[in-house]
A.B. asks: 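The structure under discussion is supplied below as structure tokens; questions concerning it will follow.
Treat the numbers as computed from the prediction; the structure is a model and nothing was measured. For ligands, and for the atoms within them, numbers begin at 1 and follow the listed sequence.
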Amino acid sequence: MAKQAPGKVDMEKMVSLCKRRGFIFQSSEIYGGLASCWDYGPLGVELKRNIKEAWWRAVVQRRDDMVGLDASILMHPQTWVASGHVEGFADPLSECKACHLRWRPDDIKDGKCPACSGELTEPRLFNLMFKTSVGVVEEEAAELYLRPETAQGIFVNFDNVLTATRNRLPFGIAQIGKAFRNEMTPGNFIFRTREFEMMEIEYFVRPGTDEEWLQYWTEERLNWYTGLGVKRENLRLRQHGPDELAHYARKCYDIEYLFPMGWSELEGIANRGDFDLMQHASSSGKKLTYFDEESGEHLIPYVIEPSAGVDRSALAFLVDSYEEEPDKEGLRVVLHLNPTLAPIKVAVLPLSRNESLLPLAKDIYAQLRQRWMAQYDDAQSIGRRYRRQDEIGTVLCVTIDFQSLEDQAVTIRERDSMRQIRVPIEELKRTLEAKLGGEPFDVLPPGGTKWLGFTDS
Ligand code: ATP
């Protein structure tokens with residue numbers, strides 16, 4: 001699994017940091033673990049929530065052409081017949097005749113089993129959908145699938161949303177939710193798992209304008225990642241060749257990220273044409289058309305689908321923000337997470353456990369956590385505590401010292417530059433708000449000073 005990352009963090013180091021600091025744990029670990037399933041711990045759940053909220057703000061809240069949906073995971077089984085998943089959602093896999101491991105063609109290098117160099121069978125198709133049964137009496141229970149993508153929940157609700165919102169083309173529907181795929185070769189930490197979360201948009205457009213919108217969304221989605229701090233040189237676009245296009249796609253781009261194991265898909269943006277609406281219309285017998293007032297015609301819109309993984313995004317954000325810097329104590333590990341994504345925005349640190357400092361420190365902590373995810377830490381030296389916060393990406397640390405009792409001012413220390421400013425307590429909330437919102441750290445509030453009292457670097 002762990003090849004050295006190009007330049008910085010390898011996967012083993014990332015897995016270990018995530019476990020140690022409470023981002024991500026192996027699922028069911030006390031029972032020996034369940035392969036390729038992961039649990040998000042106290043910090044991981046915040047990171048994931050911040051990613052989903054940032055996505056929702058960008059693609060729903062701040063746009064007037066998008067609405068949201070939350071469809072159920074279990075759907076009528078006919079959905080998956082119509083969508084082509086029962087027939088076509090399968091991976092070709094070759095099985096090793098010696099160790100019986102199965103491999104995707106892109107994992108096989110020299111025609112031999114990558115694990116034991118044994119002889120491989122010809123590839124066979126394995127459907128990736130999980131089956132489950134619903135009902136009390138086993139024999140009468142209906143067989144259903146756990147959805148392998150959220151998209152179909154959007155297509156089957158197309159007419160409901162259209163009627164309820166009276167949206168005009170072009171418009172889109174966005175959805176975040178769990179999806180399940182019985183991946184034969186899961187791995188690389190949270191990169192490919194059997195249960196994962198997707199953030200999907202189905203954007204409905206007039207046929208003929210689809211190419212333009214595909215370009216638009218590709219650009220828009222790339223900008224979303226870079227806007228949240230992912231380095232542009234670690235992202236690239238790759239167009240699918242005709243032989244790798246999914247059964248529904250007319251054209252598709254992958255946004256790839258330079259993960260520790262190499263360039264791999266982060267998000268797919270596909271032009272699905274009218275495939276899905278046509279299929280569901282003919283399979284259900286319902287009309288899934290749009291009345292175009294301009295032309296006076298009923299038409300079936302084309303669909304552009306930007307489809308992203310929450311977990312893969314989380315991995316990309318973590319890897320991209322990781323940095324090790326030598327310092328006088330050895331090594332400073334920092335997650336330079338964008339403030340929007342950082343699990344903890346601010347930490348409150350009394351200089352020592354001296355009793356005279358605690359009431360003020362606790363009072364400030366109680367106030368700040370009304371507004372932000374905050375942490376309080378008074379264990380060990382201030383330098384150690386800064387390092388602990390750096391390692392989890394906490395953006396700002398507020399330090400309360402003995403002078404604070406005299407001058408009613410505290411120190412704010414910035415994660416990335418390690419610089420410090422001293423601000424009156426009455427300006428603290430406003431200052432934190434401004435800094436977390438992107439104001440340069442040097443800009444001081446009324447009564448604030450650049451402060452160099454702690455030696456921290
Ligand atoms: P891959 O070929 O890497 O398995 P895919 O092309 O099948 O991915 P899509 O069907 O395009 O993936 O899914 C859209 C997005 O959902 C992916 O870009 C990825 O971010 C996420 N995703 C898909 N499968 C998984 C998985 N098994 N684990 C985690 N995320 C996934």
A.B. asks: Taking everything shown except Arg20 itself, do over 12 heavy atoms lie less than 6.0 Å from its CZ?
C.D. replies: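 Atom CZ in Arg20 is crowded, with more than 12 foreign heavy atoms closer than 6.0 Å.
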A.B. asks: At a heavy-atom distance under 4.0 Å, which protein residues reach ligand 1? Sort them by chain and number, would you?
C.D. replies: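 The answer is Arg104, Arg181, Glu183, Phe191, Arg192, Thr193, Phe196, Met198, Glu265, Leu266, Glu267, Gly268, Ser307, Ala308, Gly309, Arg312, counting any residue whose heavy atom sits under 4.0 Å from ligand 1.
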A.B. asks: Is the closest side-chain heavy-atom distance between Leu47 and Tyr40 below 4.5 Å?
C.D. replies: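 Not in contact.
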A.B. asks: So Phe191 and Phe259, would you call those rings parallel, tilted or perpendicular, with 30° and 60° as cut-offs?
C.D. replies: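 Rings of Phe191 and Phe259: perpendicular, as their planes differ by over 60°.
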A.B. asks: Can the ring centres of Trp38 and Phe25 be said to be less than 6.0 Å apart?
C.D. replies: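 Ring centres of Phe25 and Trp38 not closer than 6.0 Å.
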A.B. asks: Of Leu258, Leu222, Asp320, which is the lone residue that meets side-chain contact (heavy atoms from CB on, under 4.5 Å) with Leu235?
C.D. replies: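 So the option named by the test is Leu222.
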A.B. asks: Please identify each residue that fulfils side-chain hydrogen bond (donor to acceptor under 3.5 Å, both in side chains) with Asp107, with sequence neighbours left out.
C.D. replies: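 side-chain hydrogen bond (donor to acceptor under 3.5 Å, both in side chains) check on Asp107 returns nothing, list empty.
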